[in-house]
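Worksheet for the structure shown next.
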2 protein chains.
Amino acid sequence: MPNQVIDAYPKLKRDIIRGIYVPGEKLLMSQLKSRYGCGVGPLREALTRLIGEHLVTGISQRGYRVASMSIAELDAIYDARAELESLLIRLAIERGDDEWEAAVLARAHTLGKVDRVQDGEEMLERWDTRHQALHDAMVAGCHCQPLLQSRAALFDQAQRYRHLWLRQTVFSEQALADKQREHQALLDTILARDARAASQLMREHLMTPVPIIRERLQEQDWI
Amino acid sequence: MPNQVIDAYPKLKRDIIRGIYVPGEKLLMSQLKSRYGCGVGPLREALTRLIGEHLVTGISQRGYRVASMSIAELDAIYDARAELESLLIRLAIERGDDEWEAAVLARAHTLGKVDRVQDGEEMLERWDTRHQALHDAMVAGCHCQPLLQSRAALFDQAQRYRHLWLRQTVFSEQALADKQREHQALLDTILARDARAASQLMREHLMTPVPIIRERLQEQDWI
DNA sequence: CATCACATTATTTTCGAAAGATTAGTGCGT
DNA sequence: ACGCACTAATCTTTCGAAAATAATGTGATG
C-alpha cells in the first residue's frame with residue numbers, strides 16, 4: 001500500500017462524509033490534484049477504495065462522482081444496520097464472557113460522564129466518540145470479525161446520513177436524554193443476558209434517527 | 001472507472017480464488033505486469049479493490065501479497081455467512097411476496113434438473129451456477145440491498161475456501177444427494193413460511209462444508 | 001563466528017507527458 | 001428554428017522514467 005494514498009484517502013473520505021461535496025457532484029482530477037496535493041495515481045487509488053465503500057461512483061472514461069443520496073437509500077441502509085446490529089447483540093449475549101460485560105459497563109459509564117458544560121464542538125466530538133465506543137463494546141462480544149467488518153462497512157455507508165442527525169441530537173437536551181434512556185434499557189437487558197429483548201431494543205434504537213434524517217434530507221436542494 | 005483495470009481486476013481475482021497463487025505469496029509488480037499485460041497504474045487499482053475484498057494485503061513500500069488462509073479464518077467466515085444468511089432467510093420469509101416464492105421454486109427446480117451424465121467439468125460449473133442461483137433467490141426476498149451486498153462480500157471472501165469443497169461435493173453421489181435433501185427441507189420450510197425452522201436449517205446448511213474444508217486445508221503445505 | 005556499517009541491487013511509488021475518449025461548440029443543410 | 005456532422009476543447013487513462021524506499025550482499029571488526 002502506498003504512502004501518498006495514505007494521506008489522500010482519509011481526507012477525501014472525510015470531506016465526502018462531512019458533505020463538503022454535493023452528492024452526485026463530479027470529482028475532477030484537476031481539482032482533486034490541487035486540493036489534496038498529489039498526482040492522479042494516488043487519487044485514483046483512493047477513489048477506488050471509496051467506490052468499494054459506496055461513497056463514490058465511477059464510470060469508465062467518464063470519471064468519478066460523489067455517490068448520490070436518497071431517502072430510499074437511507075431507509076435501506078438503516079434497515080440493514082438495525083437488522084445486523086440486532087443479530088450481533090444477540091450473538092454477543094450468547095457468546096460474550098464476563099470481561100465483555102465489564103467492558104460494556106465501562107463504556108456506558110464514560111458515555112454518561114460527557115459533560116454538557118463544555119464547548120459545543122468539543123462536546124459533540126466527545127459524545128460521538130464515546131457513543132460509538134459503547135456500541136462497539138456491545139457488539140464486540142459476538143467474536144465474529146467478518147460480521148463486525150460488515151457492520152463497519154455499513155456504518156461508513158451510513159455516515160453521511162448519520163451526520164445530518166448527529167448535531168440535531170447532541171445539541172438537544174431532550175434527544176440526548178432519550179438516547180441515554182435507550183442505552184440504559186439496552187444495558188439492563190444485556191446484563192440480564194436477555195438476547196430477545198436486547199435485539200428488539202437494538203433494532204428500535206438504531207431506527208430512531210431515520211425520521212429526523214428523512215426530514216433534513218427533504219430540506220436539501222440536491223436530493 | 002478505468003478500461004484496463006476492468007480487464008486486469010477480474011483476471012487477478014479469479015486467479016487468486018482458483019489458487020493459482022499460494023496464500024501469502026508476494027505479488028511482484030514486474031510479474032503482474034507481464035502476466036496481465038498492463039502497467040503498474042491499473043494493477044495498483046485492481047489490487048486496491050482486492051484489498052477491499054480481503055483477498056490481498058498490502059503494506060506501504062513493501063508491496064502486495066495474496067491474503068493468507070487459515071483454519072481460524074475459515075471458521076470465522078463460515079460462521080459469519082451462516083449467521084447472516086440465516087438472518088436473511090428469516091427476513092425473506094417475513095417480507096417476500098408470492099413472486100419471490102415462485103422464483104425460489106423455479107430455481108430449486110432447475111437445480112434438481114442438473115444431469116449427472118454430462119461431462120464432469122461442465123456439470124460442476126452448471127451445478128454451482130444453479131446452486132448459487134437458488135440461494136440468491138431464497139435471500140432475495142429480504143429486499144435489503146445493503147445486507148445482500150454484505151452477503152456477497154462474505155461470499156467472495158469465502159470463495160477460496162469454498163473452492164476446496166466444491167469439487168469434493170459435486171463429484172460425490174452421496175454428498176450431492178445430501179445437499180439435495182437439505183435444499184428440499186429448506187424449500188419446504190420456506191413455502192410453509194416457517195421463519196424459525198428455515199433460519200435454523202439455513203445455518204446448518206451453510207456450516208456443513210466446514211469440516212470437509214478443514215481437512216483439505218490441513219493437507220496443504222502452506223497453511 | 002557473529003554483528004554491524006556500508007554499498008549495491010531490487011522493488012515500490014510517484015509524477016509528467018502522451019494517447020484515447022467524451023463533451024461542448026460551431027456551422028451547414030433542411 | 002432544428003438536427004446533424006464535424007471540429008475543438010476538456011477530461012480520463014495509460015505508460016515510462018525517475019525518485020524514494022526496502023532488501024540484499026560484502027567486508028571489516030570485536
Side-chain angles (χ1 to χ4, degrees), chain A residues 1-17 19-69 221-222, chain B residues 1-17 19-69 221-222:
Chain A
M1 246 190 294
N3 245 334
Q4 200 85 245
V5 181
I6 284 167
D7 258 29
Y9 161 73
K11 285 181 189 162
L12 186 48
K13 180 169 177 174
R14 191 185 141 103
D15 286 348
I16 290 173
I17 288 169
I20 305 294
Y21 301 102
V22 178
E25 180 177 348
K26 185 143 205 289
L27 293 166
L28 271 296
M29 279 299 172
S30 46
Q31 292 174 14
L32 297 179
K33 259 169 62 175
S34 59
R35 196 180 203 312
Y36 301 101
C38 64
V40 297
L43 279 173
R44 292 179 64 87
E45 284 177 51
L47 288 163
T48 299
R49 261 181 94 170
L50 291 168
I51 287 178
E53 301 174 19
H54 301 100
L55 290 173
V56 166
T57 61
I59 306 176
S60 181
Q61 312 285 26
R62 249 169 278 191
Y64 300 90
R65 291 179 171 278
V66 177
S68 61
M69 292 173 73
D221 49 356
W222 41 253
Chain B
M1 251 194 292
N3 245 333
Q4 201 83 247
V5 181
I6 284 168
D7 257 28
Y9 161 73
K11 284 181 190 164
L12 186 48
K13 179 169 177 174
R14 192 184 139 104
D15 286 347
I16 291 174
I17 289 169
I20 305 294
Y21 301 102
V22 179
E25 181 178 348
K26 184 145 208 289
L27 294 166
L28 272 296
M29 280 298 173
S30 45
Q31 291 175 14
L32 298 178
K33 259 169 62 174
S34 58
R35 196 180 202 312
Y36 301 101
C38 63
V40 296
L43 278 173
R44 291 179 64 88
E45 285 177 50
L47 289 163
T48 299
R49 261 181 93 170
L50 291 168
I51 287 178
E53 301 174 19
H54 300 101
L55 290 173
V56 166
T57 60
I59 307 177
S60 180
Q61 312 285 29
R62 248 170 278 189
Y64 301 90
R65 290 179 171 279
V66 177
S68 62
M69 292 173 72
D221 49 356
W222 40 254

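Chain A is the first sequence line, chain B the second, and so forth, proteins listed ahead of strands; every chain is numbered from 1. For clarity, every value in this text was computed on a predicted model and none was experimentally measured. Heavy atoms only: backbone and side chains are in, while hydrogens, waters and symmetry mates are out.
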Rounded to whole Å, CD of A:Gln61 lies from P of C:dA21 at a distance of 6 Å
Integer-rounded Å distance: D:dT12 P and A:Glu45 CD
17 Å
Are A:Arg44 and D:dT12 close enough that a side-chain N or O sits under 4.0 Å from OP1 or OP2?
no
For the side chain of B:Arg65 and the backbone of B:Gly24, is there at least one donor-acceptor N/O pair under 3.5 Å apart?
yes
Which atom pair, heavy atoms only, marks the closest approach of A:Val56 to A:Ile16?
CG2-CD1, 3.6 Å
In whole angstrom, what separates B:Leu47's CG from C:dT11's P?
16 Å
Could you give the distance from CG (A:Asp15) to CZ (A:Arg35), rounded to the nearest 0.5 Å?
4.5 Å
For a quick check of understanding: with a heavy-atom distance under 4.0 Å over all strands, which category does A:Gly41 fall into, base, sugar-phosphate or nothing?
nothing
If you compare every side-chain N and O of A:Arg62 against the phosphate oxygens of D:dC11 (OP1, OP2), does one of them come in below 4.0 Å?
no
Looking at B:Lys13, I want to see if its NZ is surrounded by more than 12 non-hydrogen atoms of other residues, nucleotides or ligands under 6.0 Å.
yes
Take atom CG of A:Leu43 and atom P of D:dT12, then tell me their distance rounded to the nearest Å.
11 Å
B:Glu25 side-chain N/O to B:Val22 backbone N/O, donor-acceptor pair under 3.5 Å:
yes
Residues in residues 25-38 of chain A with a heavy atom under 4.0 Å of DNA chain D, by number, are A:Lys26, A:Leu27, A:Leu28, A:Met29
Can you tell me how far OH of A:Tyr21 sits from CG of A:Leu12, rounded to the nearest 0.5 angstrom?
5.5 Å
